[in-house]
Amino acid sequence: MKKWVLGIAADLIIAALVVLAIWAVNYKIPQKGIKEVKFPQIGAEGELGQDLPEEPETQSDLLMRTHVVLDAQDWHEKFAGKFTDTVIAAEDSYTSPNLSIQLSYSQYDTGILDRSSSGKHIKYGTEVSYVLADIYVGDITCFQTAFAQGTYGVGYSEKLSDMSREMKAALAVNGDSYSNNRHKDNGTIIRNGVIYRSSQTDAETCVLNWDGTMDIYSPGQIDLQRLIDKGAYQSWIFGPSLLDENGKAKKSFLTWDYIKQSHPRTAVGYYEPGHYCLLLADGRQESSRGMFLEEMAKVFEDLGCRAAYNLDGGHCSFMTFEGRVANHPYKPEHEVADGIFITEGLQWED
């Protein structure tokens with residue numbers, strides 16, 4: 001009997017090790033990736049001053065760019081009252097000729113326990129806290145993204161704080177973990193106007209365009225040529241979207257049950273071209289259990305956003321501001337696959 005039990009235990013251990021090895025090989029060990037394409041010089045009329053080579057020398061050269069279709073309105077003039085002639089940095093604010101960032105912190109008692117997942121979230125209580133970054137940009141290139149280790153692919157990760165430093169970002173948050181295997185076919189990925197992947201997905205896709213507008217596409221709606229012609233600038237495939245077409249908080253969400261539980265969360269909100277916000281909810285601690293999607297959606301509705309989209313969360317939810325951690329994560333900083341970075345933008349040619 002003892003030998004039989006030991007044999008079963010050994011088989012289970014071997015099986016677990018095999019599964020762990022497969023997971024590590026498929027998702028944790030870096031596979032052959034593509035170096036991300038850096039911004040080209042962009043002319044004053046929006047044309048690309050330096051395009052991708054006609055004769056590709058590397059994998060990066062095989063990628064396509066979208067059309068640079070800019071907003072006709074000058075955001076520096078539109079939001080002139082938000083910017084300053086010089087950089088003025090304070091504990092919770094940053095202004096410059098190109099940027100205006102204001103952080104605000106909120107905490108409240110929801111009165112609601114999360115009893116999902118066999119009650120494992122109950123211990124965190126009913127409090128919720130979050131930090132909101134209200135952002136005005138003078139140019140769309142102030143709103144940038146980057147891949148960990150400068151590489152698009154599976155298994156590449158890096159601390160957001162290190163990426164933010166390299167990007168010289170005033171503000172940074174985690175992205176959507178674009179290689180997340182929950183998404184059928186993994187969707188379409190566009191970063192800084194470059195198309196890295198074009199596939200359908202069973203998730204909603206969020207697209208920020210070169211003209212500063214934001215679109216949310218349902219599964220099956222993505223048309224690559226349409227995205228190229230309209231000027232898609234960034235795309236994310238985690239989701240779900242949080243507001244309906246009238247800017248009202250949704251009651252149902254296109255995502256799987258685990259995401260509907262309360263979690264630390266990161267999300268992006270859109271008011272109008274040039275005006276955005278990034279919201280990060282802390283979670284899995286007594287001071288903040290994490291947000292339900294309904295709760296986060298209501299915050300964006302109350303803010304007056306026209307669109308809002310949930311990004312990766314949990315241990316990945318992380319925000320840096322002027323080189324310091326701006327939220328209260330429940331664990332030490334976790335390496336992420338990608339991030340969103342609010343920077344001083346590109347220098348445009350005359």
Side-chain angles (χ1 to χ4, degrees), residues 89-94 100-117 119-135 159-161 164 169-177 238-243 249-250 253 255 258-271 276-305 308-334 336 339-342:
E91 183 178 0
D92 295 329
S93 65
Y94 177 99
S100 173
I101 304 170
Q102 180 67 55
L103 299 189
S104 60
Y105 291 84
S106 299
Q107 184 169 26
Y108 65 99
D109 191 339
T110 66
I112 301 172
L113 288 171
D114 184 354
R115 301 182 183 278
S116 65
S117 191
K120 75 175 185 180
H121 302 287
I122 291 177
K123 61 184 177 182
Y124 301 125
T126 61
E127 293 279 332
V128 165
S129 66
Y130 63 87
V131 55
L132 176 75
D134 189 44
I135 302 163
K159 287 186 176 181
L160 185 75
S161 56
S164 179
L171 176 78
V173 297
N174 61 286
D176 64 349
S177 294
F238 198 94
S241 64
L242 301 168
L243 303 178
K250 287 186 172 183
F253 303 92
T255 189
Y258 176 73
I259 300 300
K260 295 177 182 178
Q261 299 170 17
S262 63
H263 295 290
R265 295 192 186 278
T266 305
V268 56
Y270 162 71
Y271 295 96
Y276 312 94
C277 63
L278 290 166
L279 191 155
L280 195 144
D282 293 319
R284 298 175 187 167
Q285 50 195 301
E286 289 186 5
S287 60
S288 183
R289 63 154 156 77
M291 275 186 162
F292 287 111
L293 291 170
E294 294 89 342
E295 293 167 341
M296 182 171 268
K298 186 63 169 62
V299 171
F300 282 110
E301 177 186 333
D302 292 343
L303 288 170
C305 289
Y309 188 81
N310 183 57
L311 298 165
D312 195 9
H315 196 180
C316 292
S317 283
F318 202 79
M319 177 185 286
T320 67
F321 180 68
E322 282 293 273
R324 64 176 176 84
V325 181
N327 65 307
H328 300 91
Y330 71 102
K331 286 184 178 181
E333 183 176 2
H334 184 58
V336 296
I340 294 173
F341 304 89
I342 307 302

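Nothing here was measured: the structure is a model prediction, and the numbers come from that model.
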Would you confirm whether [X], through its side chain, and [Y], through its main-chain N or O, come within 3.5 Å as a donor-acceptor pair?
X      : Y      : result
Ser288 : Ser129 : yes
Ser117 : Gly119 : no
Gln285 : Gly283 : yes
Asn174 : Asp312 : yes
Tyr124 : Asp114 : no
Asp134 : Gln102 : no
Arg265 : Met291 : yes
Asn327 : Leu280 : no
Glu333 : Leu160 : yes

Side chain to side chain, [X] and [Y], heavy atoms closer than 4.5 Å:
X      : Y      : value
Leu103 : Leu171 : yes
Tyr271 : Leu303 : yes
Leu279 : Val299 : yes
Ser287 : Gln107 : yes
Phe318 : Val173 : no
Leu243 : Cys305 : yes
Leu293 : Pro240 : yes
Thr110 : Glu127 : no

Checking Leu242 against Lys250 for the side-chain contact (heavy atoms from CB on, under 4.5 Å) test, could you report, in this order, the C-alpha distance in whole Å, the side-chain angles of both residues, the deciding distance, and whether it holds?
CA-CA 6 Å; Leu242 301 168; Lys250 287 186 172 183; over 6 Å; no
Parallel, tilted or perpendicular: which one describes the rings of His121 and His263, with boundaries at 30° and 60°?
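The arrangement is perpendicular - the two ring planes meet at more than 60°.
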Parallel, tilted or perpendicular: ring planes of His334 versus His315, cut at 30 and 60 degrees
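His334 and His315: parallel rings.
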Contacts of Phe292 that satisfy ring pair (Phe, Tyr, Trp, His ring centres under 6.0 Å) - sequence neighbours left out:
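Expected list: none.
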Could you go step by step and tell me if Ser177 and Val336 meet the side-chain contact (heavy atoms from CB on, under 4.5 Å) rule?
CA-CA 7 Å; Ser177 294; Val336 296; 5.6 Å; no
For a quick test of reading the model, state the closest non-hydrogen atom pair linking [X] to [Y] and the distance between them.
X      : Y      : value
Phe253 : Ser241 : CD2-O, 3.5 Å
Tyr330 : Pro264 : CE2-CG, 4.0 Å
Tyr309 : Gly239 : OH-N, 3.0 Å
Ala249 : Glu301 : N-OE1, 2.9 Å

Could Arg289 and Glu295 be called an ion pair, given the rule that one side-chain N must be under 4.0 Å from one carboxylate O?
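Yes, this pair counts.
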Is it true that Asp92 and Arg324 have a side-chain N and a carboxylate O under 4.0 angstrom from each other?
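A salt bridge is present here (some side-chain N lies under 4.0 Å from a carboxylate O).
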Go through Ile101 and Phe321 one step at a time and tell me if the side-chain contact (heavy atoms from CB on, under 4.5 Å) criterion holds.
CA-CA 9 Å; Ile101 304 170; Phe321 180 68; 3.8 Å; yes
Rounded to the nearest 0.5 Å, how far does [atom2] of [Y] lie from [atom1] of [X]?
X      : Y      : atom1 : atom2 : answer
Glu322 : Ser164 : CD    : OG    : 9.0 Å
Ser317 : Tyr130 : OG    : OH    : 15.0 Å
Ser100 : Tyr94  : OG    : OH    : 11.0 Å
Leu278 : Thr266 : CG    : OG1   : 8.5 Å
Met319 : Asp282 : CE    : CG    : 9.5 Å
Tyr276 : Ile342 : OH    : CD1   : 9.5 Å

Looking only at side chains, do Lys260 and Thr255 share a donor and an acceptor under 3.5 Å apart?
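No pair is found: no donor N or O on one side chain lies under 3.5 Å from an acceptor on the other.
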Considering residues, nucleotides and ligands other than Lys159, do more than 12 of their heavy atoms fall under 6.0 Å from its NZ?
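No - once you tally the heavy atoms of other residues, nucleotides and ligands closer than 6.0 Å, there are 12 at most.
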